[in-house]
Undergrad: 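One structure, pasted below without further comment.
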Amino acid sequence: MAPPICPQQPPCYVRKVIKSAIVPVAGYGTRLLPATKSQPKEMLPVARKPIVQYVVEELVANHVEQILFITGRSKGSIENHFDHDPELMRLLNAGNKQDLLDELKFEELQAHFFYTRQRFQKGLGDAVLCGENFAGEEPFVVALGDSILGLHGDSGTVARMAGLFESRHASCVIAVEEVPREETVHYGIVQVAGAEGDCARVVNVIEKPRPEQAPSNLAIAGRYVFSPLIFDMIRRVEPDPRGEIQLTDAIRLLCEEGRRVLALKLAPAEKRYDIGNFPSYFETFVEFALADPLYGERFREALERLLAKESAAHPAR
Ligand code: UTP
């Protein structure tokens, strides 16, 4: 009998640590223009923090120790954000502003940061390839810099993926979430064979299929674990009609070679917040602001006031 894809009993997710993560942040973010004209979309605030801070805090909480950002022009503020600012510290200390100093605690995150530039924005696959020397011979995580996992980024998915990668000797583990059928055209969609619980073997990946062509409604959720084999696959990928090297094409090559590619569903309480377009940015901001421990309640009251005013002015809406 074939071994199960992922036995449901412990030690299904043998707790293994993958120390390195690549965070691509080099894209132009054109769908968020003009907000992204001269600032990275990954630095747009969601409630009180920039998006990429949630991503980094999530990775560190999932035992990642070193992070390579794939950056580009106009992305310098990301580097500044994770750097120490002694002048600001002095100012806040002198003013005895302990509450504000607490907001800068993330500067002490136990991670080493590295930066390299993707010189031409030739797609996500090309961005990941820029991390080849950083990854070396070790498996690594890829976390999209514009996607938050879980409310306030408190997801344990990456550690579960790392455990699955080790225990199942996989070449790749992809985080996936269910999306409505009519929305498959916005995502990379996986085709799976034989799901067991929240794990499944991936046999194909299709970039942005129309609903009638989508093999499932499982969308790639912005987190991956790869063996270094992926770099050879990326090199073999032909550019798409827009000249971009797609990461999904490289994963498809892994599947075609018979390598073990697994999908792991996000936990039911978790959600992927993809902040690539304005509707999802607005919605994410409001959800995080409502859940803010300090200002959430006041924001809820303001929102209710605004909505009541709006429905009084436009009763037919
Ligand atoms: P997206 O495809 O959503 O980003 O990539 P984009 O190209 O910036 O978006 P639009 O279509 O112009 O609005 C997801 C992640 O991959 C990074 C992006 O910065 C984003 O965090 N990325 C994308 C790169 O690092 N390099 C690329 O060439 C493309």
Side-chain angles (χ1 to χ4, degrees), residues 21-46 49-59 67-79 81-82 113-132 134-135 140-149 153 158 174-177 179 183-189 205-208 219-224 226 230-231 234-235 237-251 272-282 284:
I22 294 176
V23 179
V25 292
Y28 288 124
T30 52
R31 285 167 295 158
L32 290 171
L33 280 169
T36 50
K37 165 87 193 330
S38 62
Q39 67 169 334
K41 76 168 156 185
E42 296 82 5
M43 283 298 289
L44 292 177
V46 166
K49 294 183 206 171
I51 298 160
V52 70
Q53 187 179 330
Y54 291 102
V55 176
V56 165
E57 288 175 346
E58 174 209 324
L59 290 173
I67 296 173
L68 172 70
F69 292 95
I70 312 295
T71 73
R73 283 175 295 282
S74 330
K75 301 282 180 171
S77 58
I78 296 176
E79 202 166 331
H81 189 71
F82 291 103
F113 297 111
F114 299 84
Y115 301 85
T116 192
R117 277 196 177 192
Q118 184 188 21
R119 294 174 66 201
F120 303 99
Q121 275 61 51
K122 289 194 295 184
L124 184 56
D126 180 69
V128 171
L129 190 56
C130 296
E132 186 170 17
F134 167 80
F140 61 97
V141 173
V142 169
L144 299 193
D146 64 352
S147 286
I148 302 172
L149 279 203
V158 163
I174 309 170
V176 296
E177 71 167 348
V179 295
E183 290 179 17
T184 55
V185 74
H186 302 299
Y187 301 96
I189 299 290
V205 200
I206 300 172
E207 190 61 31
K208 302 186 171 68
I220 298 180
R223 300 291 182 271
Y224 314 77
F226 289 116
I230 192 67
F231 297 119
I234 296 173
R235 265 190 287 275
V237 167
E238 292 291 331
D240 70 5
R242 292 165 52 202
E244 295 194 349
I245 307 286
Q246 296 295 349
L247 186 59
T248 41
D249 288 342
I251 298 172
R272 177 217 187 171
Y273 299 89
D274 169 14
I275 302 143
N277 56 64
F278 280 117
S280 103
Y281 176 52
F282 291 167
T284 304

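Whatever order the structure lists ligands and atoms in, that order sets their numbers, starting from 1.
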Undergrad: If you measure only the distance, is there a donor-acceptor pair under 3.5 Å linking the side chains of E79 and Y115?
TA: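 Distance-only check fails for E79 and Y115.
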Undergrad: Going by the salt bridge (Lys or Arg N to Asp or Glu O under 4.0 Å) test, which pairs reach into residues 241-250, not counting sequence neighbours?
TA: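 Every pair satisfying salt bridge (Lys or Arg N to Asp or Glu O under 4.0 Å) with a residue in residues 241-250: R242-E244, D249-R252.
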Undergrad: Nearest to atom 24 (C) of ligand 1, what protein heavy atom do you find, and at what distance?
TA: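 So the nearest neighbour among protein heavy atoms is G27 N, 3.4 Å.
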Undergrad: Of the protein's non-hydrogen atoms, which lies at the shortest distance from atom 14 (C) of ligand 1, and what is that distance?
TA: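 That would be D146 OD2, 3.7 Å.
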Undergrad: Students should be able to answer this: which protein heavy-atom is nearest to atom 8 (O) of ligand 1, and at what distance?
TA: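 For atom 8 (O) of ligand 1, the nearest protein heavy atom comes out as G29 N, 2.8 Å.
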Undergrad: Looking at every non-hydrogen atom in both residues, tell me the closest pair between V128 and F231 and how far apart they are.
TA: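 Nearest pair, atom of V128 first, then F231: O-CE2, 3.4 Å.
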Undergrad: Short N/O distance, under 3.5 Å, between G276 and ligand 1?
TA: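 It does not: no N or O of G276 is found under 3.5 Å from an N or O of ligand 1.
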Undergrad: Show the nearest heavy-atom pair for residues K41 and I51, with the distance to one decimal.
TA: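 Of all heavy-atom pairs spanning K41 and I51, the closest is O-CD1, 3.3 Å.
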Undergrad: Below a 4.0 angstrom heavy-atom separation, can you tell me which part of A127, side chain or backbone, both or neither, approaches ligand 1?
TA: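 The part of A127 near ligand 1 is the side chain, not the backbone.
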Undergrad: N/O of L32 under 3.5 Å from N/O of ligand 1, yes or no?
TA: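 L32 vs ligand 1: no N/O contact under 3.5 Å.
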Undergrad: Regarding atom 10 (P) of ligand 1: of the candidates T30, L247, L124, which has the closest heavy atom?
TA: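 When every heavy atom of T30, L247, L124 is considered, T30 comes closest to atom 10 (P) of ligand 1.
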Undergrad: When the aromatic ring centroids of F69 and F82 are compared, is their separation below 6.0 Å?
TA: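 Close enough - the centres of the two rings lie under 6.0 Å apart.
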Undergrad: Determine whether V23 and F113 satisfy the following criterion, side-chain contact (heavy atoms from CB on, under 4.5 Å), listing intermediate values before the conclusion.
TA: CA-CA 10 Å; V23 179; F113 297 111; over 6 Å; no
Undergrad: Taking all heavy atoms of I70 and all of Q118, pick out the closest pair and write down the distance.
TA: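 Heavy atoms only, the tightest pair is CG2-CB, 3.7 Å.
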Undergrad: Measure from atom 21 (O) of ligand 1 to every heavy atom in K122, E244, E42 and give the option owning the shortest one.
TA: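 Result: the heavy atom closest to atom 21 (O) of ligand 1 is in E42.
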Undergrad: For Q118, counting its heavy atoms only, list the atoms of ligand 1 lying under 4.0 Å from any of them.
TA: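 Heavy-atom distances to Q118 below 4.0 Å select 24 (C), 25 (O), 26 (N), 27 (C), 28 (O).
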Undergrad: Does ligand 1 have any atom sitting under 4.0 Å from a heavy atom of D126?
TA: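 The answer is no: ligand 1 sits nowhere under 4.0 Å from a heavy atom of D126.
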Undergrad: Please identify which of these residues, T248, L144, I245, I234, meets the side chain to side chain contact (heavy atoms under 4.5 Å, CB included) condition with L124.
TA: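 Testing L124 for a side chain to side chain contact (heavy atoms under 4.5 Å, CB included) against T248, L144, I245, I234 leaves exactly one candidate, L144.
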Undergrad: Using a plain distance cutoff, I'd like to know if R31 has any nitrogen or oxygen under 3.5 Å from a nitrogen or oxygen of ligand 1.
TA: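 Yes - when backbone and side-chain N and O of R31 are compared with those of ligand 1, one distance drops under 3.5 Å.
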Undergrad: Does I70 reach ligand 1 with a nitrogen or oxygen that is under 3.5 Å from one of the ligand's nitrogen or oxygen atoms?
TA: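 Between I70 and ligand 1 (N or O atoms, distance only) the closest approach is not under 3.5 Å.
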Undergrad: Closest non-hydrogen protein atom to atom 4 (O) of ligand 1, residue and atom name please, with distance?
TA: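 Nearest neighbour among protein heavy atoms for atom 4 (O) of ligand 1, to 0.1 Å: K41 NZ, 3.1 Å.
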Undergrad: Where is the tightest heavy-atom contact between P24 and A127, given as atom of each residue plus distance?
TA: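 Answer, listing the atom of P24 first, then A127: CB-CB, 4.1 Å.
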Undergrad: How far is atom 28 (O) of ligand 1 from its nearest protein heavy atom, and which residue and atom name does that atom have?
TA: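 Closest protein heavy atom to atom 28 (O) of ligand 1: G123 N, 2.8 Å.
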Undergrad: Checking the N or O distance criterion of under 3.5 Å, is ligand 1 in contact with P24?
TA: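 Yes; the residue has a nitrogen or oxygen that sits under 3.5 Å from a nitrogen or oxygen of the ligand.
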Undergrad: Classify the ring geometry of F226 against F140: parallel below 30°, tilted from 30° to 60°, perpendicular beyond 60°.
TA: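 If you compare the ring of F226 with that of F140, the planes turn out tilted.
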Undergrad: Closer than 4.0 Å to some heavy atom of Y28 - which atoms of ligand 1 meet that?
TA: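 Contacts of ligand 1 toward Y28, numbered from 1: 8 (O).
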Undergrad: Using the rule side chain to side chain contact (heavy atoms under 4.5 Å, CB included), only one of L247, I189, I220 pairs with V205; which is it?
TA: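 One option only clears the test, and that one is I220.
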Undergrad: What atoms in ligand 1 come closer than 4.0 Å to a heavy atom of G145?
TA: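 So the answer, numbered in order with elements, is 21 (O).
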Undergrad: If you have a sec, work out which protein heavy atom is nearest atom 25 (O) of ligand 1 and how many Å separate them, to one decimal?
TA: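 Protein heavy atom at minimum distance: A26 N, 2.8 Å.
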